[in-house]
Amino acid sequence: MPATYGLIDGNSFYCSAERVFDPALHRVPVVVLSNNDGCAIARTPEAKALGIRMGDPWHLVRGRAELRPVRWRSSNYALYGDMSRRVYQVLAERVPRVEPYSIDEMFLDLDVPRDLASFCAGLRAAVLRIAKVPTCVGWGPTKTIAKLANGLAKDHAELGGLCDLTDPAERAAWYQRLPVGEVWGIGSRTQEKLARLGVASIADFIDADPRAMRDLLTVVGGRVQAELRGTSCLPLQMMVATRKGLACTRSFGRPVTRWSEMREAVAAYAHRAAEKLRAEELEACHPAVFMHTDPHAKGERYQHLQHAARIEPTGDSRDLIAEAVRMAEGLWRDGLRYAKAGVVLNDLVPAGQQARLFATREPRASARTMAVMDAINRQHGAGTLRPAATGIARSWSTRRAMLSPRYTTHISEIMQATAL
DNA sequence: TCTGGGGTCCTAGGACCC
DNA sequence: TCTGGGGTCCTAGGACCC
């Protein structure tokens with residue numbers, strides 16, 4: 001267990017990634033929108049200064065006059081994922097161990113024989129120079145403290161992008177000033193519960209009786225409290241955790257009212273989920289389907305329908321489409337206006353290891369067919385070859401009107417230089 | 001007209017089994 | 001008064017995270 005944990009994260013990561021390849025985005029407000037161009041999920045400081053908040057629905061802010069200078073971008077996860085790998089590479093060459101936590105955050109083992117402030121300053125500089133991404137770094141004796149330090153580095157420009165919470169006295173001073181809701185793992189609901197007990201600041205929280213906190217917030221809250229007190233409960237996870245499940249879920253571009261459209265959408269989601277499964281060499285034994293109406297629609301009753309099934313492990317798109325469509329047909333109700341649907345795959349097992357008692361197709365033939373389809377799609381672009389059930393026109397599809405090119409992962413979208 | 005997608009973990013109750 | 005104990009699976013909901 002390292003004595004010091006660090007957390008490094010990319011500043012406005014998605015926006016920074018967009019800026020790397022588009023100089024016109026420098027020094028102007030940039031906002032990256034969620035899938036379906038629904039709401040703001042990343043904002044540069046210039047955009048924050050204009051009052052755009054996290055999660056602001058695009059349709060409510062797009063028309064505002066003062067937001068004219070904002071450059072909007074649809075989210076481009078192929079680009080962001082690749083930029084994240086570049087950041088990881090830079091770090092992996094410089095610290096003993098790196099644990100990627102999310103696309104834009106990595107925990108660091110900072111047991112290095114160096115002065116940490118200058119070492120971390122060097123890390124920031126290297127990531128900026130090589131991966132072109134501006135970052136902040138925070139560190140302390142536990143992951144939770146490192147995360148808090150990282151947040152302070154981000155929020156307090158005078159810290160110069162670095163924050164050290166190793167010293168207990170300095171920590172205590174911050175704990176007095178910070179609301180408990182700033183802590184990683186304490187969300188708004190928990191903050192409300194604590195407020196009712198008179199626990200407002202982080203200092204109040206760490207002074208509270210641990211038993212009472214465990215009773216109120218379960219083992220999860222107990223762990224947060226211990227971590228804030230300096231007792232490390234969350235080790236660096238170097239083994240890539242085997243994932244529990246994966247999903248493909250989407251809001252529709254407009255309400256879906258016909259079964260033929262829903263069938264197509266569910267087939268397309270099942271196929272996409274199966275592709276993700278195969279990319280990780282996994283198979284699923286417990287697929288589920290859900291569909292629901294618009295929870296925001298006034299005067300319409302919200303309806304959420306879902307169903308799961310046990311099947312022989314498979315990664316074959318055709319099997320999973322058949323199962324998903326069968327379940328969806330059982331859920332379908334005429335007369336509802338569906339806003340969203342999804343396919344979730346649970347109970348994942350390594351591909352090709354399970355004995356199949358009742359397999360519908362010969363496993364090697366299935367694997368070969370899927371491998372050929374995946375290879376063609378890698379080479380010629382996603383969706384080049386796909387099951388017919390997933391639809392041609394896709395009238396239900398999501399919107400992505402302002403998508404930037406996949407500069408680093410698709411040769412046809414690489415940046416071009418032109419001499420004038 | 002219009003509000004994302006994809007994860008994790010925990011708890012609790014009911015059915016069922018031995 | 002008191003009515004087993006322990007296990008799995010399923011579903012649903014809550015809460016959190018990025």
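In what follows, chains are A, B, ... by sequence order, proteins preceding strands, each numbered from 1.
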Under 4.0 Å between a side-chain N or O of K147(A) and OP1 or OP2 of dC17(C)? no

By the 4.0 Å heavy-atom rule, please label V183(A) as base, sugar-phosphate, or nothing. sugar-phosphate

At what angle, to 10 degrees, do the two end axes of the helix from dG5(B)-dC18(C) to dC18(B)-dG5(C) meet, given five pairs define each axis? 0°

Distance-only, no hydrogens or angles: does the T293(A) side chain make a donor-acceptor pair with backbone N or O of Q303(A) under 3.5 Å? yes

Please give the distance between the C1' atoms of dG4(C) and dC17(B) as a whole number of Å. 14 Å

Is it true that W139(A) and F119(A) have ring centroids separated by less than 6.0 Å? no

Would you say a side-chain N or O of S251(A) is under 4.0 Å from OP1 or OP2 of dG5(B)? yes

Centres of the W184(A) and F107(A) rings: under 6.0 Å? yes

Mind checking if R310(A) touches a base, just sugar-phosphate, or nothing, with heavy atoms under 4.0 Å? sugar-phosphate

Distance check: side-chain N/O of R250(A) vs OP1/OP2 of dG6(B), anything under 4.0 Å? yes

Side chain E99(A), main chain Q237(A), donor-acceptor under 3.5 Å: yes

Both conditions, 6.0 Å and 45 degrees, for the charged tip of R171(A) above the ring of W174(A): are they met here? no

Side-chain donor-acceptor pair under 3.5 Å between T314(A) and D316(A), yes or no? no

If you look at every strand shown and take non-hydrogen atoms under 4.0 Å, does F13(A) touch a base, only sugar-phosphate, or nothing? nothing

Tabulated below should be each protein N or O lying under 3.5 Å from an N or O of nucleotides 8-14 of chain B; please produce it.
| residue | atom | partner | partner atom | Å |
| --- | --- | --- | --- | --- |
| dT8(B) | OP1 | K244(A) | N | 3.1 |

Does dA15(C) have its OP1 or OP2 closer than 4.0 Å to a side-chain nitrogen or oxygen of T190(A)? no

Name the nucleic acid region contacted by I186(A), choosing base, sugar-phosphate or nothing; use a 4.0 angstrom heavy-atom cut-off, strictly under. sugar-phosphate

Of G55(A) and C248(A), the one whose closest DNA chain B nucleotide lies more 5': G55(A)

Remember a base hit wins even if backbone is also touched, and classify D294(A) as base, sugar-phosphate or nothing at under 4.0 Å, heavy atoms. nothing

Is the backbone N or O of S404(A) less than 3.5 Å from a side-chain atom of N76(A), with the two atoms forming a donor-acceptor pair by type? yes

Taking only N and O in the side chain of S34(A), is any of them less than 4.0 Å away from OP1 or OP2 of dT3(B)? no

